[in-house]
> 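Below you will find the structure I want to go over with you.
Chain A is the first sequence line, chain B the second, and so forth, proteins listed ahead of strands; every chain is numbered from 1. Just so you know, these numbers come straight off a predicted model, no measurement behind them. All heavy atoms count here, side chains included; hydrogens, waters and symmetry mates do not.
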Amino acid sequence: MAQTFKFELVSPEEKLISEDVAMVTVPGEEGVFGVLAGHSPLLSSLNMGVVEMRRDEASQPRRIFVSGGFADVGPKHCTVLAQDATDLTLVDVTKLEAEITKLQSDALAAEGFEKTRLEARLAVAQAKRAAL
Amino acid sequence: MPSLKEYRNRIASVKSTRKITSAMKMVAASKLRRAQENAQASQPYASAMSAMLSRVAANLVVSPNLPKLLIGTGSEQTHLLIVMTADRGLCGGFNGNLVRFARQQIRDLTAAGKTVKIVTVGRKARDLLRRDHRDKIIHSVTDLGTKGKIAFGEADTVTAYVLSQFDAGSFDVCTLIYNEFKNVLVQKPSAAQLVPFRLPEVGANDNLPKVPYEFEPEEDALLARLLPQNLSVQIYRAMLDSAAGEQAARMTAMDNATRNAGDMIKKLSLSYNRARQAFITKELIEIISGAEAV
């Protein structure tokens with residue numbers, strides 16, 4: 001039995017996940033990194049991507065999409081601060097695709113400040129689609 | 001002296017007012033509970049963010065290359081005030097007190113020769129400040145949390161606007177004016193400086209383990225990412241505080257109104273009964289003296 005550590009996934013609105021896990025993979029800004037118990041202290045910002053968590057080595061990972069954020073890693077904990085986190089098993093593909101199409105047309109029509117915001121949302125939606 | 005019918009009408013109208021205020025009080029109480037839960041749920045993120053900031057700050061070398069959000073633009077000429085109130089009234093002095101506080105700040109700043117710009121959050125702030133500071137308001141946000149809960153995205157939109165203004169160099173110092181939720185009875189108008197941001201004192205987080213941290217990317221690059229996010233977090237927390245405060249203030253105000261209505265009904269019923277008694281006595285006297293005359 002591998003050693004476990006505390007994994008927490010926190011969004012600004014609430015604490016989403018808090019459980020003991022054996023391994024977590026985090027999309028760090030300078031490359032994806034894995035975290036096991038006893039990891040040296042690290043603060044990292046995250047890219048858009050997928051956080052994978054495994055309760056033990058044999059089990060299937062639970063995959064959660066995050067749209068960027070920060071991770072605070074220590075020997076006994078790993079805290080991921082994510083602004084937008086979605087469990088990939090719960091994503092409705094048709095809905096997501098409809099959203100992408102809509103954002104694409106909206107972003108084309110919008111201008112200035114609004115356009116950059118829509119484009120950012122579009123990039124998140126597309127990355128989410130790619131991660132599925 | 002009003003007639004009996006007038007008394008009856010007034011009593012009926014005060015009674016229905018009392019019914020409305022007590023219903024509003026109940027609604028506010030349940031909304032307050034939800035608002036407090038939301039505020040509590042946002043706590044872990046905010047405290048983790050502040051812990052991260054102080055960790056980075058502890059390892060930071062002071063240099064002029066640090067993000068401007070932290071060290072400022074080097075000037076203090078233009079102030080941006082974010083004034084945050086509720087969208088609705090009927091919550092006692094909640095909005096009034098805050099706007100009075102904001103006006104005082106504006107006066108002080110203008111007296112010191114600074115330029116003031118205002119971003120309002122909440123309909124009341126916009127409507128009240130429009131009267132005398134119309135020229136200073138550069139942006140307004142209303143209808144927060146119309147879906148029952150204030151989403152982080154709403155704070156993020158405000159932040160995005162503020163940051164775009166900052167990058168364009170249109171202000172030097174940004175202060176957030178909002179009602180701090182002390183407890184259900186007390187909401188205190190307060191001002192929190194957001195830009196340049198004062199990092200939490202390292203001493204305030206003494207429970208942090210004293211271990212050398214690794215940073216990815218480098219400290220200053222990481223800080224450049226943390227700071228805008230932190231701005232959103234601060235604004236979001238103020239929104240939640242303000243929302244909880246609004247409901248608390250409304251609950252108190254409606255509780256008072258219900259009690260006042262009750263007092264008024266008591267007084268009116270007393271007068272009504274007196275008037276009725278006087279009327280009966282008068283009728284009796286008339287009958288008796290009529291009978292005596294015969």
> In this structure, are over 12 heavy atoms from other groups packed under 6.0 Å from B:Lys68 atom NZ?
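Incorrect, the count does not exceed 12.
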> Tell me which pairs pass salt bridge (charged side-chain N to carboxylate O under 4.0 Å, His left out) where either residue lies in residues 231-251 of chain B, with sequence neighbours left out.
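Pairs touching residues 231-251 of chain B that pass the test: B:Glu246-B:Arg250.
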> Has A:Arg121 got more than 12 heavy atoms of other residues, nucleotides or ligands less than 6.0 Å from its CZ?
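Counting other residues, nucleotides and ligands, CZ of A:Arg121 stays at 12 neighbours or fewer.
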> If the contact rule is any heavy atom under 4.5 Å from chain B, which residues of residues 68-92 of chain A qualify, in numerical order?
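Result: A:Phe70, A:Ala71, A:Asp72, A:Val73, A:His77, A:Leu81, A:Ala82, A:Gln83.
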> Does anything in residues 155-172 of chain B get under 4.5 Å of chain A by heavy atoms, and if so which residues?
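Expected list: B:Asp156, B:Thr157, B:Ala160, B:Tyr161, B:Ser164.
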> Applying a criterion of heavy atom separation less than 4.5 Å, what residues of residues 27-43 of chain B form contacts with chain A?
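Within residues 27-43 of chain B, the residues that come under 4.5 Å of chain A (heavy atoms only) are B:Asn38, B:Ala41, B:Ser42.
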> Output the distance between atom OH (B:Tyr45) and atom OG (A:Ser11), rounded to the nearest 0.5 Å.
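Going from OH on B:Tyr45 over to OG on A:Ser11, the span is 8.0 Å.
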> Between A:Ser40 and chain B, which part of the residue has a heavy atom less than 4.5 Å away: side chain, backbone, both or neither?
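It is the side chain, since no backbone atom gets that close.
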> At a heavy-atom separation under 4.5 Å, does B:Phe152 approach chain A through its side chain, its backbone, both, or neither?
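Contact with chain A involves both backbone and side-chain atoms of B:Phe152.
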> May I ask you to test the A:Phe33-B:Glu216 pair for a side-chain heavy-atom distance under 4.5 Å?
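Yes, side chains in contact.
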> Below 4.5 Å, heavy-atom pairs only: which of B:Pro44, B:Gly153, B:Pro217 has the largest tally toward chain A?
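So the answer, after comparing B:Pro44, B:Gly153, B:Pro217, is B:Pro217.
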> Where does B:Leu240 contact chain A at under 4.5 Å (heavy atoms): side chain, backbone, both or neither?
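Contact with chain A: none, neither part.
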> So, do B:Glu214 and A:Leu43 sit near enough that their side-chain heavy atoms are less than 4.5 Å apart?
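Not touching, per the 4.5 Å side-chain cut-off.
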> Taking every non-hydrogen pair under 4.5 Å, which of A:Glu13, A:Glu14, A:Lys15, A:Glu29 racks up the most with chain B?
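The residue among A:Glu13, A:Glu14, A:Lys15, A:Glu29 with the greatest pair count is A:Glu13.
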> Starting at CD of B:Gln229, measure out to OG of A:Ser45 and round the result to the nearest 0.5 Å.
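Taking CD in B:Gln229 and OG in A:Ser45, the distance rounds to 11.0 Å.
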